[in-house]
Visitor: 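Following this message is one structure expressed as structure tokens.
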Amino acid sequence: MTMPFIDLKAQFRELETDIRARMDAVLAHGQYVMGPEIKELEEKLAAFAGVKNAIACSSGTDALLLALMAHGVGPGDAIFTTPFTFIATAEVISLLGATPVYVDVDPETFNIDPEALRLAIRAVKMGDAGKYPLPTGAGKLTPKGIIPVDIFGVPADYDSIMELADRHGLFVLQDAAQSFGSQYNGVRAGALGHVSATSFFPAKPLGCYGDGGAVFTDDDEMAQLMRSLMVHGMGTHKYDNDRIGINGRLDTLQAAVLLPKLSVFAAELDQRQRVADRYSMLLSKLAGFTFQKVPEGCRSAWAQYSIVHERREEIQTALQEAGIPSVVYYPKPLHIQTAFADLGYTAEDMPVSMHLARNIFSLPMHPYMSDEQVDEVCGVIAEALA
Ligand SMILES: Cc1ncc(COP(=O)(O)O)c(C=O)c1O
């Protein structure tokens, strides 16, 4: 039997009664858009993250978009982010006519490198690509914001990032699409940066049964603005429009799915930690692996268990032959994607991201994975490397 990469069916078996009851309640009251489950979910998400405002929306991508729109991001603005992420992180920058300025990642955490970020901000301010590789025409850009991504669930270095942001008057939008449930010095994802965005895509640590997302902020004014932008720039009533917005609401049925899942989420995070610890314990006995560092004081949400090895291809082939799936996140960093060709970056501009793209891969990871399954995966890898 093939081992699942993420076992959503095992989770459904555990939660089926509650999920069905919650969905039935929506079918009974019929408020499919902005029903009472949305408010309940938002309050519970805010309480979980330890932040004043949570706004449920249609996807992680729209969550990022709403946050950028609320900050008035547009043409001429430079937004600093990592190329070692999913396209959505930078796509929303370009969609608004602003320019992504890529900053390479740290070789240990795989998250944006604060020292490189410092150089990149200076380079944009001085219009000097000699200080750090910049997109074509970046000399005319104004630094506006930073989008750190908590890749695979590990929080970025927010102390360093916030210090740089304060010094240069930039906003910080935490891309917590993969890290909802993680912690940074006791602060949960959602409460880091000035505003935070997460995704409820089914494969995420907290996922619904379709597309979904949320934005978080302690800033009430910003929250109000994002709520308006999410509903076509709505003013004081439905057909009163103060600004250009989007249709970015979460469906009530998706909130009904998320509520029972949120009630077991903390326990599921512990189970993810158990799986990750077992992988690390077994794989550290083998030669040649680089593991993603979870810095002191941090907890990963373990969206993915990702490892680096120069013999990736051999290992992946052996896993495949044994019926064990593995996935490469991400084979092509954003700075060399065709969609961003007009930025004029070359592969060598971001060497750490390139190295990861060539050697990284992710193993099956979910809270319902047994120790025996982890042992089986590691056994196949040990044999492939023997
Ligand atoms: C880092 C990151 N940002 C943003 C997103 C976008 O989220 P969604 O698919 O919900 O739009 C994803 C989803 O994979 C992601 O991994």
Side-chain angles (χ1 to χ4, degrees), residues 5-6 8 41 45 54-69 73 79-96 100 102-103 105-106 109-112 145-156 158 161 172-182 189-190 192-193 195-216 226 230 246-251 254-255 257-258 261 292 300-306 327-335 337 339-340 353 356-357 360 362 365-366:
F5 190 67
I6 296 169
L8 291 175
L41 177 69
L45 287 172
I55 302 162
C57 67
S58 44
S59 69
T61 307
D62 285 342
L64 291 166
L65 183 65
L66 288 168
L68 292 186
M69 288 173 83
V73 169
I79 306 291
F80 300 87
T81 193
T82 149
F84 192 66
T85 179
F86 182 61
I87 179 100
T89 310
E91 182 181 38
V92 288
I93 301 169
S94 297
L95 210 54
L96 292 174
Y102 290 119
V103 178
V105 293
D106 177 273
T109 64
F110 315 158
N111 283 326
I112 197 163
I146 306 165
I147 310 183
V149 179
D150 305 338
I151 206 72
F152 308 137
V154 174
Y158 286 95
I161 293 165
V172 174
L173 163 56
Q174 176 188 28
D175 184 342
Q178 301 181 7
S179 68
F180 194 63
S182 71
L192 293 159
V195 56
S196 173
T198 197
S199 164
F200 300 132
F201 184 78
K204 294 292 190 274
L206 180 64
C208 57
Y209 290 158
D211 280 308
V215 270
F216 303 85
M226 291 192 291
M230 185 178 77
I246 63 170
N247 178 2
R249 294 168 295 226
L250 181 74
D251 293 340
Q254 298 301 350
V257 171
L258 285 164
K261 288 197 182 201
Q292 183 182 21
S300 176
W302 296 109
Q304 306 294 345
Y305 187 86
S306 304
V327 183
V328 175
Y329 300 114
Y330 295 93
K332 198 171 177 185
L334 299 189
H335 71 293
Q337 290 283 353
F340 294 114
S353 296
L356 291 174
I360 202 163
S362 303
M365 162 56 80
H366 59 87

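The shown structure was predicted, so the numbers you read here are calculated from the model rather than taken from an experiment. Read the numbers this way: they start at 1 and go in the same order the structure lists the ligands and their atoms.
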Visitor: List, for ligand 1, each N/O atom that has a protein N/O partner under 3.5 Å away, with both atom names and the distance.
Guide:
unit_1	atom_1	unit_2	atom_2	d
ligand 1	3 (N)	Asp175	OD1	3.3
ligand 1	3 (N)	Asp175	OD2	2.8
ligand 1	10 (O)	Gly60	N	2.8
ligand 1	10 (O)	Ser199	OG	2.7
ligand 1	11 (O)	Gly60	N	3.3
ligand 1	11 (O)	Thr61	N	2.9
ligand 1	11 (O)	Thr61	OG1	2.5
ligand 1	14 (O)	Lys204	NZ	2.6
ligand 1	16 (O)	Gln178	NE2	2.9

Visitor: Ignoring hydrogens and geometry beyond distance, is a side-chain donor-acceptor pair present between Ser306 and Ser362 at under 3.5 Å?
Guide: yes
Visitor: Could you check whether the rings of Tyr330 and Phe84 sit parallel, tilted or perpendicular, using 30° and 60° as the cut-offs?
Guide: perpendicular
Visitor: Look at the aromatic rings of Phe340 and Tyr102 and report parallel, tilted or perpendicular, splitting at 30° and 60°.
Guide: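 Rings of Phe340 and Tyr102: perpendicular, over 60°.
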Visitor: Can you give the donor-acceptor pairs under 3.5 Å from side chains of residues 195-209 to other protein atoms, not counting sequence neighbours?
Guide:
unit_1	atom_1	unit_2	atom_2	d
Ser196	OG	Gln174	OE1	2.8
Ser196	OG	Gly190	N	3.4
Thr198	OG1	Ala176	O	2.7
Ser199	OG	Phe201	N	3.1

Visitor: Taking atom CD of Gln292 and atom CG of Asp106, what is their separation to the nearest 0.5 Å?
Guide: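 So the CD of Gln292 and the CG of Asp106 are separated by 10.0 Å.
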Visitor: Rounded at 0.5 Å granularity, tell me how far CG in Leu65 sits from OG in Ser58.
Guide: 9.0 Å
